[in-house]
Structures are given as structure tokens and as C-alpha cells.
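Just so you know, these numbers come straight off a predicted model, no measurement behind them. Any value given below was found using the heavy atoms of this structure, including those in side chains, with hydrogens, waters and symmetry copies removed.
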Amino acid sequence: MTKPRQYDRFPEQRPITPLLDQAPVPELLRQLSEDQLPQLADELREHLLYCVGQSGGHFGAGLGVVELTVALHYLLDTPRDKLVWDVGHQTYPHKILTGRRDAMHTMRQADGLSGFPKRKESEFDTFGVGHSSTSISAALGMALAHEGEEPPRQSVAVIGDGAMTAGMVFEALNHAADTDANMLVILNDNQMSISKNTGGLATYFSKIWASKTYIHLRAGSKKVLSKIPPAWELAARTEEHMKGMVAPGTLFEELGFNYIGPLDGHDLSSLVPTLRNMLMMKGPRLLHISTTKGKGFAPAEADPVGYHAVNKIEKTEANKATQTDTVKAQEQPQIKIKKKPKYQDVFGEWLCDMAEQDENLIAITPAMCEGSGMVDFAKQYPERYHDVAIAEQHAVTVAGGLACEGKKPVVAIYSTFLQRAYDQLIHDVALQNLDVTFGIDRAGLVGEDGPTHAGSFDLSFLRCIPNMLVMAPSDENETRQLLYTGYQFNGPAAIRYPRGTGPGTTIEKNMQALPIGKGLLRRSGSRVAILNFGTLLPAALQVAEKLDFSVADMRFVKPIDESLIDSLASSHDLIVTLEENSIQGGAGSAVTEYLNQSNRVVPVMQLGLPDIFVDHGKHSELLAACGLDQQGIELAISKKLNAL
């Protein structure tokens with residue numbers, strides 16, 4: 001076994017990669033000899049380090065699947081064979097090997113490569129992803145679509161152990177076994193949650209079970225013994241118990257998968273022949289490999305959470321220090337509130353303060369502890385903290401169960417992931433009017449992560465649900481006060497706030513419940529009244545100061561402040577609604593609906609996200625492209641006034 005090279009810093013110069021130069025696409029990769037693959041993997045890992053140092057992006061997961069990516073493209077006839085990646089954080093090596101190497105410097109930039117697989121970007125990206133636990137269902141659909149074709153196509157899903165916690169995965173596994181589809185599932189266990197049973201004995205048996213001799217013996221025995229049912233049943237049970245003693249595969253065998261593993265996912269000398277043999281098998285198969293997140297980069301191996309993603313490494317004198325000092329992870333846990341905190345930190349500090357006041361508070365998150373600012377709470381109140389793993393539906397329903405018994409659950413969840421629990425939100429919480437508070441992080445556009453992670457629709461899908469209290473604070477202090485307001489509200493309440501930092505507003509330590517459904521007039525002016533919902537308030541105020549407009553900080557989307565709308569509608573020529581949410585069905589729609597019902601005749605212009613999936617890029621660039629920066633807002637209002 002050849003161990004991957006170990007690095008402790010990002011290369012400052014583009015590395016010399018003769019084999020990678022020779023094999024820029026899978027068709028050429030397959031012309032290499034098998035004994036050249038370890039060197040290719042080393043070159044790919046070093047080039048990945050260089051690319052991420054230049055552009056930033058998801059990092060640790062890709063380093064962990066370098067050998068697997070090389071092996072899969074070496075053995076599969078991609079893109080004819082279908083390779084489906086789960087989540088997509090780990091696909092940078094895949095992008096490098098599929099003709100996009102020279103564009104990697106544009107990763108996650110406007111008009112550049114996406115940070116996730118994207119069908120429009122490459123024929124090798126068979127399924128667009130960003131959310132977890134979809135790969136097995138998608139790969140199964142592809143396998144079923146090509147049933148009976150000659151020569152047969154392979155359908156392969158690569159899924160991590162964290163994503164295996166979602167119920168959708170088990171729905172797909174159950175269906176796959178029932179169809180006897182010709183598909184291979186690769187469980188990439190990065191030693192964060194599932195397998196403890198690794199080592200020499202398990203690897204030895206994995207090689208045996210995947211060997212041609214064993215496969216033919218198993219198939220032949222099944223033909224003979226199937227004619228004697230008791231004998232076949234005994235043989236099958238014996239095989240199952242053998243596997244169960246040395247590998248955690250009994251569950252998958254019971255579901256109808258031929259399970260092999262766990263296998264060292266960094267050992268190409270074992271991985272390639274095992275994969276080759278498994279690809280010759282028929283029906284549903286599962287290969288369990290063990291990998292290390294951040295493999296080959298010492299700081300990432302030591303801190304896989306902090307190095308999940310990194311920013312671009314600037315060429316400064318600081319780069320002479322170790323990368324542990326110079327690299328700042330985008331999802332680095334923020335434990336202490338600083339002078340200009342992130343919104344997630346405002347939520348985290350409020351959560352701890354609230355828990356100190358109320359012993360009934362229970363915090364729940366579907367695998368978003370660090371990203372949601374819950375690290376301190378988890379340490380201070382471990383018995384009142386529940387990370388339910390990537391199971392958004394369960395997170396919402398278990399919160400409902402807690403509320404039924406007098407507890408005060410707070411669910412911390414990203415806007416884009418709450419979409420996955422919409423039925424539970426309606427049926428299990430709102431319909432029963434249960435007292436659950438939702439801290440909805442990453443509301444609005446999220447910049448480089450793109451449309452899969454953008455919270456573009458939460459105001460639209462929340463405000464149509466009866467019993468819901470929906471709030472959109474404009475700054476850090478208002479976020480804290482509205483979180484408290486929602487917590488004190490006896491029923492389901494949602495507070496949405498964006499990614500990143502706010503304007504730096506002073507946060508009042510004392511908490512007070514704000515009047516439900518009441519906005520605040522921030523500036524009095526003439527002709528135009530801007531009704532702002534959320535954190536675009538600074539841009540609205542800048543426009544208003546320049547053109548002498550009125551600005552209202554609405555704060556509540558449901559119930560909406562009808563009296564404030566009445567007052568502004570009766571004294572202005574134009575009402576402008578402003579939100580970082582889809583225009584369709586959003587807060588602006590709530591305003592127009594009320595004005596129509598009250599028979600008020602006043603022109604209304606809605607400014608928000610257009611009816612498209614806004615692509616990735618810097619947050620400021622995306623706002624400008626959507627006309628939601630100061631210049632765009634001013635231009636849109638001026639055009640409307642000229643048309644009146």
C-alpha cells in the first residue's frame with residue numbers, strides 16, 4: 001500500500017503533474033496502467049490543494065475521496081455510466097478529472113464553476129445536488145431508466161456516513177432491493193459516525209467477499225441449494241452471521257444488498273480490484289469504504305470541521321507561517337460574540353441566555369451545530385441539546401412532541417433545509433398550534449454556495465400557513481429581540497436572518513417582547529414609502545436619505561402591520577416593498593393583498609428576488625444583479641415614478 005503524501009500548507013505555485021496533464025478527461029485516464037494510479041492520486045491531491053488555495057471552497061471532503069474518484073473514473077465508462085455524488089462537497093477532484101481543471105480558479109465565483117455538481121456545467125455531473133441524502137434515489141431512477149440495455153450501464157451512488165441518517169436514504173434502499181436494480185452504492189465512511197469495526201480481519205474478509213472465486217461460488221451454490229430450501233436457508237444464515245461478526249453490514253444484507261466492507265478507501269491496490277469485481281455483480285450492491293476527511297493535509301485531518309471549507313489564501317507575508325494560522329474556515333465555529341458578530345452568533349448567545357432563564361427550553365438542530373452558532377449551548381446544556389443528524393423532518397416533528405408535553409423547543413435550521421420538512425411544519429406543528437420556535441438561518445441569498453443553499457422562499461412558504469408568526473429582523477439587535485418575541489409567543493413562530501454579519505448595531509442585553517405585528521417608521525419623507533422586510537434596511541435608508549422618501553422597518557410578515565400600511569398608503573404616491581425573498585408570494589404580496597382587501601387605490605412596486613434560481617457569486621454581486629443594492633433600488637423607484 002502506498003500512503004498518500006502528507007502536506008502541511010497549500011502550494012503557492014502550480015504543482016508539476018505529468019500524469020494529470022496526460023489524463024485531463026476520464027477517457028485518457030483509462031489509458032494509464034493500474035500501477036500509475038497512486039501517483040495520479042498524489043498529483044490530483046496536490047493540484048486540489050493548489051486550486052482551493054487560489055479560489056477557496058469546499059475542501060476536506062474532496063481530499064478524502066481522491067483515491068475513490070480516480071478508481072471510479074478509471075473503471076467506469078463515464079459519462080455513459082452514471083456516477084451520482086451525494087451533497088457535492090466532495091466533487092472537486094471529480095471536476096478536475098472531467099475536463100474542468102483549467103477553470104478551477106473560477107470556483108464559486110460569478111459565471112464560474114459551481115461548488116456543487118451541476119447538470120448544465122458538465123455531462124459528467126449526472127445529477128445536481130447541494131442537499132444531502134438524494135444520491136441513492138437518483139441513481140436508482142437512472143438504473144431503472146436503463147434496465148435491459150446492452151451493453152448494460154452502471155449506476156453508482158457515492159454517499160457519506162452522515163447523509164445515511166436521513167429517512168429518504170432508507171426509502172431508496174428499500175425500493176432498490178425490491179426492484180433488484182443493477183446499482184452500486186458506495187458508503188464513504190469518514191470515521192465520523194458509523195464504523196468502528198475496521199482493521200486487518202475486516203479488510204481480509206472484504207477482499208474474499210469481493211473476489212471472483214467467492215462471487216462464482218456464491219452464485220453456483222445458490223443455484224444448487226435453492227432446490228433444497230432448508231439447505232439454502234442454512235447457508236444464507238451462515239454467510240450472514242460470518243459477515244455480521246466482522247463487519248457492520250447485516251442491516252444492508254437484510255435490506256437486500258450484497259454488502260462488502262469496510263475497506264480502506266485510500267488503498268488503491270485494494271480499492272480498484274474490489275470495485276472491478278463488484279461492478280461485475282448484478283443487483284443492488286453496497287461497498288463500505290473507510291476514509292479520512294482532509295486526507296493528506298495535516299491541518300485538515302486534525303480539524304475536519306474547521307477545514308470543511310476555506311477562504312482564498314491571499315499571497316501575503318503571513319503565508320510564510322503555517323497554514324493553520326493563515327487559513328480561515330468559512331464554517332469555523334464562532335464561540336464568543338465579537339464586536340461585529342455573525343447573525344448565527346447572535347442566535348447562539350440568545351439561546352444560551354434564554355436557556356438560563358427557562359429550564360424548559362430544548363434546542364434541536366439537524367446537523368447544523370457549528371453553522372447555527374450552537375457550540376456554546378451544546379457545551380453548557382448538553383442534556384437540553386439534540387443534534388438529530390441530517391433528518392430535518394424528524395427534527396420538526398420531535399420538536400412538536402416536546403411542545404405537546406410542555407417543553408419549549410427551539411429548532412435551529414437553515415432556510416433551504418426547512419423546505420425538506422414542510423409537511424411536518426404544517427401537519428405536525430402549525431395544524432396543532434404547537435409552541436415551537438424556529439431560528440431560520442441563511443435566509444436570502446448565500447453568495448458562493450449558490451441556489452441549492454439560498455433561502456429564497458421561506459417568507460413565501462411560511463406566511464401561507466395558518467397559526468404561524470413570521471418575522472424578518474433588520475439588524476443584530478432586532479434579531480435578538482424578535483427571537484425573544486417569538487419564544488414568548490404561544491404558538492409556532494419563525495424568525496429568519498441571513499448568513500454573515502450585520503451592520504454592527506449595538507445589541508441590547510436585556511430582552512423584551514416587541515408588540516406582535518407592529519412595524520417601526522424609521523424615516524419620514526414624501527411621495528414614496530419603502531416598506532422594508534429584513535436586512536436590506538441600510539440600502540433602503542440610503543436611498544431614502546438621498547431622495548427624501550419614507551422608510552418603514554416592518555419586522556413582521558405575519559401578521560402584517562395594517563395600520564402602518566394604511567397610514568403610509570394614504571400619505572404617499574407610491575408604496576415600495578423590499579425583501580430578500582422571492583417576489584412571488586412574499587412579504588410584498590402580503591402588502592398588496594391587504595391593500596386590495598381594504599380597497600385602497602395606491603400604486604405598489606415589489607422589489608425582491610426574481611422568478612429564477614439566482615446563481616452563485618459574492619453576495620454583494622448577487623444583490624446588485626437582482627437590483628437590490630442601493631443603486632438598483634434607486635433606479636427602479638425612479639423609473640416607476642417617471643411612469644406614474
Participant: Roughly how far, to the nearest 0.5 Å, is the CE atom of Met278 from the OH atom of Tyr259?
Facilitator: 10.0 Å
Participant: Is any side-chain N of the basic residue among Asp21 and Arg101 closer than 4.0 Å to the acidic one's carboxylate O?
Facilitator: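 Salt bridge between Asp21 and Arg101, a charged N being under 4.0 Å from a carboxylate O: yes.
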Participant: Return yes if some donor-acceptor pair links the side-chain N/O of Gln90 with the main-chain N/O of Asp86 below 3.5 Å, else return no.
Facilitator: yes
Participant: Hey, are Ser155 and Arg153 close enough side-chain-wise for a donor-acceptor pair under 3.5 Å?
Facilitator: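 No pair is found: no donor N or O on one side chain lies under 3.5 Å from an acceptor on the other.
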Participant: Does Phe124 have any ring pair (Phe, Tyr, Trp, His ring centres under 6.0 Å) partners at least two apart in sequence or in another chain, and if so, which?
Facilitator: none
Participant: Would you confirm whether Thr91, through its side chain, and Gly88, through its main-chain N or O, come within 3.5 Å as a donor-acceptor pair?
Facilitator: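 Side chain of Thr91 to backbone of Gly88, a donor-acceptor pair under 3.5 Å: yes, one is there.
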Participant: Check this for me: does any side-chain nitrogen of one of Lys118 and Asp615 sit under 4.0 Å from a carboxylate oxygen of the other?
Facilitator: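 A salt bridge is present here (some side-chain N lies under 4.0 Å from a carboxylate O).
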Participant: Taking the six-membered ring for Trp, are Phe252 and His288 closer than 6.0 Å centroid to centroid?
Facilitator: no
Participant: Please determine which of Val52, Leu48, Thr291 meets the side chain to side chain contact (heavy atoms under 4.5 Å, CB included) test together with Leu63.
Facilitator: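 Answer after filtering Val52, Leu48, Thr291: Leu48.
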Participant: Taking Gln154 for its side chain and Leu279 for its backbone only, find out whether a donor-acceptor pair lies under 3.5 Å.
Facilitator: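 Yes, the answer is positive, given that a donor and an acceptor are paired below the 3.5 Å cut-off.
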Participant: Would you tell me whether His73 and Thr78 have side-chain atoms, one donor and one acceptor, within less than 3.5 Å of each other?
Facilitator: yes
Participant: Kindly confirm or rule out a cation-pi arrangement of Arg442 over Tyr414, judged by NZ or CZ under 6.0 Å from the six-membered ring centre and within 45° of its axis?
Facilitator: yes
Participant: Hey, does the side chain of Arg285 reach the backbone of Gly283 with a donor-acceptor pair shorter than 3.5 angstrom?
Facilitator: yes
Participant: Does any part of the side chain of Met168, heavy atoms only, come nearer than 4.5 Å to the side chain of Ser137, both counted from C-beta?
Facilitator: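 The answer is yes, as the side chains (C-beta and beyond) meet within the 4.5 Å cut-off.
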Participant: Can you see which heavy atom on Gly256 is nearest to which on Ala177, and at what distance?
Facilitator: CA-CB, 3.9 Å
Participant: Salt bridge or not between Asp125 and Lys120? Use side-chain N to carboxylate O under 4.0 Å.
Facilitator: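 Between Lys120 and Asp125 there is no salt bridge, as every charged N stays at least 4.0 Å from the carboxylate O atoms.
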Participant: Between Ser33 and Gln36, is any side-chain donor less than 3.5 angstrom from a side-chain acceptor?
Facilitator: yes
Participant: Judged by modelled atom types alone, do Thr416 and His131 share a side-chain donor-acceptor pair under 3.5 Å?
Facilitator: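 Note: Thr416 and His131 side chains meet the donor-acceptor criterion.
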Participant: Look at Asp449 together with Arg499 and state whether they make a salt bridge at an N to O cut-off of under 4.0 Å.
Facilitator: yes
Participant: Got a salt bridge between Lys295 and Glu67, using NZ or NE/NH1/NH2 to carboxylate O under 4.0 Å?
Facilitator: no
Participant: Are His47 and Ile16 packed together at the side-chain level, in the sense that at least one heavy-atom pair is separated by less than 4.5 angstrom?
Facilitator: no
Participant: His453: what forms a side-chain hydrogen bond (donor to acceptor under 3.5 Å, both in side chains) with it, not counting sequence neighbours?
Facilitator: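 Result, side-chain hydrogen bond (donor to acceptor under 3.5 Å, both in side chains) vs His453: none returned.
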Participant: Are any of the side-chain nitrogens in Glu34 or Arg276 under 4.0 Å away from the carboxylate oxygens of its partner?
Facilitator: yes
Participant: Checking side chain to side chain contact (heavy atoms under 4.5 Å, CB included) between Leu83 and each of Ile186, Val156, Leu184, which is the one that passes?
Facilitator: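 When Ile186, Val156, Leu184 are each tested with Leu83, the side chain to side chain contact (heavy atoms under 4.5 Å, CB included) holds only for Val156.
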